[in-house]
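Written below as structure tokens is the structure these notes are about.
Order of listing sets the numbers, starting from 1, for every ligand and every atom in it.
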Amino acid sequence: MSATAMNAAPSASAAALLPRLRAALPGEALLTEAEDLHPYECDGLSVYRGVPLAVALPATAEAAAQVLRLCREAGVPVIARGAGTGLSGGATPRAGTVVLSLARLNRILEIDPLARVARVQPGVRNLAISEAAAPLGLYYAPDPSSQIACTIGGNVAENSGGVHCLKYGLTVHNLLRLKVATIDGEIIELGAEALDAPGYDLLALFTGSEGLLGVVVEATVRLIPKPECARVVLAAFDDLGKAGQAVADIIGAGIIPAGLELMDQPAIAAVEPFVHAGYPLDAAAILLCESDGTPEEVAEEIVRMEAVMSAAGATDCRVSRDEAERLRFWAGRKAAFPAVGRISPDYYCMDGSIPKKCLAAVLEAIRGMERKYGLRCANVFHAGDGNLHPLILFDANKPDELHRTEAFGGEILELCVRHGGSITGEHGVGIEKIDQMCVQFGSEELEVFHALKHAFDPEGLLNPGKAVPTLHRCAEFGRMKVHGGQLPHPELPRF
Ligand SMILES: Cc1cc2nc3c(=O)[nH]c(=O)nc-3n(C[C@H](O)[C@H](O)[C@H](O)COP(=O)(O)OP(=O)(O)OC[C@H]3O[C@@H](n4cnc5c(N)ncnc54)[C@H](O)[C@@H]3O)c2cc1C
């Protein structure tokens, strides 16, 4: 696949850093050879790539903090990295930068069944927390579809969500305390195990900050009891708009499903031959609507869910008969991205959010854009959160297809903003959506973001060029007024 490269020659100060890093990280903990650096060139969004100067793999929080301190002294940018499953280019390096991989910090430090918390290192996989808590009847609720691989540090940095976040909240709602290494090499503690902590809510500020303010070196997360029972309704619709309306009706009826996901026909057609989940191939769209709780609560809620979906025009409603069937229904949804990868040489996953009442109108508008850009799009998303994931299918080897895909994706995000939504629901801004930040925010808000960044990272060394555009960039993008074309902090790099 062709890629947008972000490479330049390393500076003298960057080269001088290597011996100091090597001394601080003995053994295999510093990678500098081209073949070792290759896997770190990009994240899950492979259209942007860059070769770093080095990859540091510290085994302790203190060593991670030391890497940050050495990079600050050398004036070299640092990019934190978990599993690299991000979809917005957040962990993608530039030439001359150091990737700080948290992969070796992968221990579950403590599970306290009485306090119902888990204390974990940042490189622990999301699913590993629930697996470790399962014998105690507990689990960690936020469940990104990438949970088999993605790390809790990456989840915090992106404020990740998943199928069950509609009822149980995003990462930020399930996080109690963080240890964060600053660019100075200090380790600070944010939050508390109590429900409230004094002072500014820096825990919330760090959650979703995409590695721009500090590096998570430990997280304490909330565990909740596994529900006694869960069942899912698979509802088929002959019209995508009706399925979108059913989502708004379910929420409007005061039902909070444990999960509420929508897949359109192209997504169903990709998934069913791959997973054999039992999805109806003739449906224009399906909804997966889960209820959990006691058996009595679930039985009562399922009846209400079916009634609302039938009234909205569902042509068929099937309720999972046992746990194996429930897991099979969800397996299709969870494998939707790889399934789409089988039917197209490349796909580009967008991530916008909109008010649920606008779902039908926005899905219809995306159909119109397919015609405008001459590209197909499969929709599979967290409908209950109004969090869209249009997957634009393209072939990077065909001239102009990547360019049209990016324009298509940008137009979807701007459509979300026009409907009162936002340019990202959970995948973060990264490199990918940085220009759309100029659509979402005015210069006043961006100045506040820059002031915060300046307070934690005055030289702009933590993950530069990601998530928050400079006012200069927005002025070039031409969507907003900029105060005299000046940055609020002229010393920050102007990417
Ligand atoms: C198939 C697939 C399905 C997905 N489904 C979902 C989904 O349902 N919901 C969802 O929210 N996301 C989803 N994602 C996106 C991705 O998995 C999440 O954003 C995840 O949280 C990234 O974790 P990671 O460990 O891979 O982080 P990385 O990709 O390594 O990094 C992501 C960002 O976090 C920063 N970062 C990483 N570790 C730290 C740290 N310790 N301290 C500070 N900053 C850090 C990086 O600098 C980068 O900006 C999906 C991705 C794929 C490939």
Please check this pair: side chain of [X] against backbone of [Y], looking for a donor-acceptor N/O pair closer than 3.5 Å.
X: Asn463; Y: Glu210; value: yes
X: Asp143; Y: Val163; value: yes
X: Asn387; Y: His382; value: no
X: Asp457; Y: Leu462; value: yes
X: Thr151; Y: Gly154; value: yes
X: Asp395; Y: Pro345; value: no

Counting both backbone and side chain atoms, is some N or O of [X] under 3.5 Å from an N or O of ligand 1?
X: Asp143; answer: no
X: Phe337; answer: no
X: Val215; answer: no
X: Val216; answer: yes
X: Arg81; answer: no
X: Pro122; answer: no
X: Asn155; answer: yes
X: Leu87; answer: no

Counting each atom of ligand 1 from 1 as listed, which ones have a heavy atom of [X] under 4.0 Å away?
X: Gly82; value: 25 (O), 28 (P), 30 (O), 37 (C), 38 (N)
X: Leu102; value: 41 (N)
X: His382; value: 8 (O)
X: Gly214; value: 43 (C)

**Message:** Please work out, at 4.0 Å between heavy atoms, whether the side chain, the backbone, both, or neither of Asn463 comes within that distance of ligand 1.
**Reply:**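 It is the side chain that touches ligand 1; the backbone stays farther off.
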
For [atom], what's the nearest protein heavy-atom neighbour? Residue, atom name and distance, please.
atom: atom 24 (P) of ligand 1; answer: Ala83 N, 3.5 Å
atom: atom 22 (C) of ligand 1; answer: Thr85 OG1, 3.4 Å
atom: atom 36 (N) of ligand 1; answer: Ala157 CB, 3.6 Å
atom: atom 18 (C) of ligand 1; answer: Ser160 OG, 3.6 Å
atom: atom 7 (C) of ligand 1; answer: Glu426 OE2, 3.3 Å
atom: atom 8 (O) of ligand 1; answer: Ser145 N, 2.9 Å
atom: atom 25 (O) of ligand 1; answer: Thr151 OG1, 2.6 Å
atom: atom 29 (O) of ligand 1; answer: Gly86 N, 2.8 Å

**Prompt:** Does Lys167 come within less than 4.0 Å of Glu290, counting only side-chain N to carboxylate O?
**Reply:**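 No salt bridge links Lys167 with Glu290.
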
Side-chain donor-acceptor contact under 3.5 Å, [X] with [Y]:
X: His389; Y: Glu426; value: yes
X: His38; Y: Glu41; value: yes
X: Tyr140; Y: Asn155; value: no
X: Ser353; Y: Ser422; value: yes

Return the minimal non-hydrogen interatomic distance between [X] and [Y], and the atom names on each side.
X: Lys466; Y: Leu212; value: O-CD2, 3.4 Å
X: Val180; Y: Val217; value: N-CG2, 4.2 Å
X: Ala270; Y: Ile343; value: CB-CD1, 3.7 Å

**From Glu110 atom CD to Thr220 atom OG1, the distance as rounded to the nearest 0.5 Å** =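 If I round to the nearest 0.5 Å, the distance is 8.0 Å.
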
Report yes or no: does [X] have a heavy atom closer than 4.0 Å to ligand 1?
X: Lys466; value: no
X: Ala91; value: yes
X: Gly425; value: no

With [atom] as the reference point, say which of [options] has the nearest heavy atom.
atom: atom 28 (P) of ligand 1; options: Pro93, Gly154, Gly84; value: Gly84
atom: atom 19 (O) of ligand 1; options: Glu210, Glu218, Glu158, His427; value: Glu158
atom: atom 46 (C) of ligand 1; options: Gly90, Pro338, Ala80; value: Ala80
atom: atom 50 (C) of ligand 1; options: Cys165, Gly161, Ser146; value: Ser146

**Item:** Near-ring test Tyr348/Phe408, centroid separation under 6.0 angstrom
**Value:**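 No, they do not, as the ring centres are separated by 6.0 Å or more.
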
